[in-house]
2 protein chains.
Amino acid sequence: MDKSQVFAAAIDLCDSLTEEEDALTRDMVTRLADKWSLWTMSVLAATGAPLRFSRVMEQVEGVSQKSLTKTLRQLERDGLITRKIFAEVPPRVEYSITALGLEMLRHVEPFYLWVAKNVANFQTARADFDGR
Amino acid sequence: MDKSQVFAAAIDLCDSLTEEEDALTRDMVTRLADKWSLWTMSVLAATGAPLRFSRVMEQVEGVSQKSLTKTLRQLERDGLITRKIFAEVPPRVEYSITALGLEMLRHVEPFYLWVAKNVANFQTARADFDGR
DNA sequence: CAGTATCCAGATCGATACTG
DNA sequence: CAGTATCGATCTGGATACTG
């Protein structure tokens, strides 16, 4: 197997991006890692229907109101979810996953599953490393 | 299409993990997103041969010595790269990608390519959002 | 050469309190 | 109900200086 071919396509593609596009790509990858984005998206996808702010907050256990608000705004800004406001009293706001958001989840899932499946490998690697 | 099936496997798998395993899984996903890990791994993979610290630093443009050291240690700890020290003066240290590291890159690549290909979608989404 | 040590700026996130 | 505002602890990463 030729190691140099792994990720080569990604590197080539990366080189073809402008600085701005590259920064945005990084940004999207980074989004994966922040504490609540992926979880929030998966809740909206799993529900398959619009969800109010408070329902999302219930399902994303442990998130603070502030962090959830920020997470939802970022996801909305990037076109991964939609936010619909109803002019009612008390106010109602509904969040839904978009087609782009679903696409993103689909492309993340294989990687995520692989990591979870290999969790034992990482545990032993760390044990070996720490016990040296 | 049934939205509720997207990412469902990941959620199920996630539920089956212990708290410790779940934390580790998050950790690995987070590793992806930090500023230099993916880039560093892709450099080692693309080279396909052991690389000295200073060579890695040249190719991962913009990384500081401190950040590169930290990145390399984390990757080593997780079994994604190896670090070989030669008892010479001046000291020589060589880094290589592992099979596990290559596997990880292979599972990340599709997602990464998808993001890069959709960079225009994200740009217009942001432009729409900001101009409202 | 390949780090370590120290300092510092900025971002992140939770807790808490307040509001249209 | 769905936020915003503020504070503080914690983390991240860069710059700089020093060392086996």
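Here is how names work: the chains are called A, B, and so on, in the same order as the sequence lines, proteins then strands, and each is numbered from 1.
- For B/Ser54 and C/dC1, the shortest distance from a side-chain N or O to OP1 or OP2 is not below 4.0 Å.
- Atom-to-atom, NZ of B/Lys70 to P of C/dG3 comes out at 16 Å; the value is rounded to the nearest Å.
- Under 4.0 angstrom from either OP1 or OP2 of C/dA2 there lies no side-chain N or O belonging to B/Arg92.
- Listed nucleotides D/dG13, D/dG3, C/dG14 differ in distance to A/Lys35; the shortest reach to its side chain belongs to C/dG14.
- Between B/Ser67 and D/dG14, a side-chain N or O to OP1/OP2 separation shorter than 4.0 Å is present.
- Counting non-hydrogen atoms under 4.0 angstrom, A/Glu88 reaches nothing in the nucleic acid.
- The aromatic rings of A/Phe7 and B/Tyr112 lie tilted to each other, with the angle between the two planes from 30° to 60°.
- Taking only side-chain nitrogens and oxygens, B/Tyr95 never comes nearer than 4.0 Å to OP1 or OP2 of C/dC1.
- There is no side-chain donor-acceptor pair under 3.5 Å between B/Ser37 and B/Thr40.
- Using N1 to N3 plus N6-O4 or O6-N4 for Watson-Crick, or N1-O2 and O6-N3 for G-U wobble, each under 3.5 Å, D/dG20 pairs with C/dC1.
- Cation-pi geometry between B/Arg92 and B/Phe86 is met: under 6.0 angstrom from the ring centre, within 45 degrees of the axis.
- The separation between A/Arg26 atom CZ and C/dA11 atom C1' is 17 Å, rounded to whole Å.
- Heavy atoms of A/Arg55 sit nowhere under 4.0 angstrom from any nucleic acid atom.
- With hydrogens and angles ignored, the 3.5 Å screen pairs a side-chain donor or acceptor of A/Thr124 with a backbone N or O of A/Asn121.
- Nearest nucleotide to the A/Gln65 side chain, out of C/dC1, D/dA15, D/dA2: D/dA2.
- Using a 4.0 Å cut-off, some side-chain N or O of A/Arg73 falls inside it from OP1 or OP2 of D/dT4.
- For A/Arg52, the listed nucleotide lying nearest its side chain is D/dA2; candidates were D/dA2, D/dG14, C/dG3.
- No engagement by A/Phe86 is indicated, since no non-hydrogen atom pair under 4.0 Å with the nucleic acid exists.
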